[in-house]
Amino acid sequence: MEFFDFHHHKKYIRDGIYNLDIGQIPPDSPYSIGIHPNDIDVNNIDRQLNWMKSTMFQNCFAIGECGLDSLVSIDQKIQEDVFVKQINIANEVKKPIIVHCVRKFYEVISFKKKAEQPMIMHGFNKKKKIAEDLLANNFYLSFGKAVLYNLSLQDILKNTPLDKFFLETDNEDFKIEELYLKVSEIKEISLEDLNEQILENLHTIKNG
């Protein structure tokens, strides 16, 4: 059985969404393209956005990862401006948005009303209240390696609706199968049913 890896940084993984870095050549498998807050070049933002638009080939699945990060040196106003521009691009090309967020969850939620396409919070490992507020605002949550050992995150996942989450390796060195096995235990469903549900969720966000 193949297991879909919603967000990863490894070109050899074909069953998943590869996070394309600025300037890279896209793979011939699904990928996402965006400007991470840490990669914003304040002197060349228009060039970066034009690169994005010109690199959305057939296998481009999503916009991202993009969003807000309180720990990077880029001015928050600039981050917000670049984030909104990428939301607008996603609206134009009708692709879901993979969101990166560090300590700016409620700011990200405030931008949700600008998005016409689904937004997925990748690498979610925060508190229950934040998860509940994201879900209440119709975000999807993508969970990673922390689910294997973080008991409070396992509890959050247990209470996340089946049709509102994805699973990912991000840049961690482990097999996505481990995560699917753990989540099938937590959700008390078969591996086959979990796999089918994730694929159904993918179909839903792809079609807006």
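The first residue in the sequence is number 1, and the count goes up from there. None of the values given here were measured: they were computed from a predicted structure.
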Answer yes or no: are there more than 12 heavy-atom neighbours, outside [X] itself, under 6.0 Å from its atom [atom1]?
{"X": "Lys128", "atom1": "NZ", "answer": "no"}
{"X": "Glu177", "atom1": "CD", "answer": "yes"}
{"X": "Lys175", "atom1": "NZ", "answer": "no"}

Min side-chain heavy-atom separation [X]-[Y] under 4.5 Å:
{"X": "Cys66", "Y": "Ile97", "value": "yes"}
{"X": "Asp69", "Y": "Cys101", "value": "no"}
{"X": "Ile35", "Y": "Lys85", "value": "no"}
{"X": "Ile120", "Y": "Leu141", "value": "no"}
{"X": "Lys126", "Y": "Leu134", "value": "no"}
{"X": "Val147", "Y": "Leu167", "value": "no"}

With a 3.5 Å distance limit and no angle check, can you tell me whether [X] reaches the backbone of [Y] through a side-chain donor-acceptor pair?
{"X": "Asp81", "Y": "Lys77", "value": "no"}
{"X": "Ser32", "Y": "Gly64", "value": "yes"}
{"X": "Gln79", "Y": "Ile74", "value": "yes"}
{"X": "Asn150", "Y": "Ala146", "value": "no"}

Treating Ile, Leu, Val, Met, Phe, Trp and Tyr as nodes and any side-chain heavy-atom pair under 4.5 angstrom as an edge, say whether [X] and [Y] lie in one connected cluster.
{"X": "Leu162", "Y": "Ile198", "result": "yes"}
{"X": "Leu202", "Y": "Val93", "result": "no"}
{"X": "Phe83", "Y": "Val102", "result": "no"}
{"X": "Ile156", "Y": "Phe105", "result": "yes"}
{"X": "Leu148", "Y": "Phe3", "result": "yes"}

Scan residues 88-99 for pairs that pass side-chain hydrogen bond (donor to acceptor under 3.5 Å, both in side chains), counting only residues two or more places apart or in two chains.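 Checked against side-chain hydrogen bond (donor to acceptor under 3.5 Å, both in side chains) - neighbours excluded - no pair reaches residues 88-99.
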All pairs passing side-chain hydrogen bond (donor to acceptor under 3.5 Å, both in side chains) where residues 182-191 contributes a residue, at least two apart: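 Sorted result for residues 182-191: Ser190-Asp193.
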Using the side-chain hydrogen bond (donor to acceptor under 3.5 Å, both in side chains) criterion, which residues pair with [X]? Sequence neighbours excluded.
{"X": "Gln197", "answer": "Asn201"}
{"X": "Arg103", "answer": "none"}
{"X": "Asp28", "answer": "Arg14"}
{"X": "Asp41", "answer": "Asn44"}

Applying ring-ring contact (aromatic ring centres under 6.0 Å, His included), which residue pairs with at least one partner in residues 147-179 are found, sequence neighbours left out?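 Every ring-ring contact (aromatic ring centres under 6.0 Å, His included) pair that includes a residue of residues 147-179, provided the two are not neighbours, is Phe6-Phe166, Tyr140-Phe166.
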Sort and list the pairs that fulfil ring-ring contact (aromatic ring centres under 6.0 Å, His included) and have at least one residue in residues 19-78, not counting sequence neighbours.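 Those involving residues 19-78 are His36-His100.
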Heavy-atom pair with the smallest gap, counting every atom of Gly67 and Pro37: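 Gly67 and Pro37 have their closest heavy atoms at O-CG, 3.3 Å.
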Residues clustering with Ile25 (ILVMFWY side chains joined when closer than 4.5 Å, directly or via others):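 Via sub-4.5 Å side-chain contacts, Ile25 links to none.
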Co-members of Ile13 in a cluster of I, L, V, M, F, W and Y side chains, linked at under 4.5 Å: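 Ile13 clusters with Tyr12.
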Is there any salt bridge (Lys or Arg N to Asp or Glu O under 4.0 Å) pair reaching into residues 131-143, and which pairs are they, with sequence neighbours excluded?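 Matches after skipping sequence neighbours: Lys129-Asp133.
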Acceptor/donor pairs from residues 15-23 side chains to any protein atom, 3.5 angstrom cut, sequence neighbours excluded:
from, atom 1, to, atom 2, distance (Å)
Tyr18, OH, Gln24, OE1, 3.1
Tyr18, OH, Gln24, NE2, 3.1
Asn19, OD1, Glu65, N, 3.3

In terms of ring plane angle, is the pair His7 and His122 parallel, tilted or perpendicular, where the classes change at 30° and 60°?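 Plane angle between 30° and 60°, so tilted.
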When the ring planes of Phe143 and Phe124 are compared, do they come out parallel, tilted or perpendicular, using 30° and 60° as the limits?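 Rings of Phe143 and Phe124: perpendicular, over 60°.
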Does Asp170 form a side chain to side chain donor-acceptor pair (under 3.5 Å) with His8? I'd like the steps, not just the answer. CA-CA 4 Å; Asp170 196 7; His8 68 86; over 6 Å; no
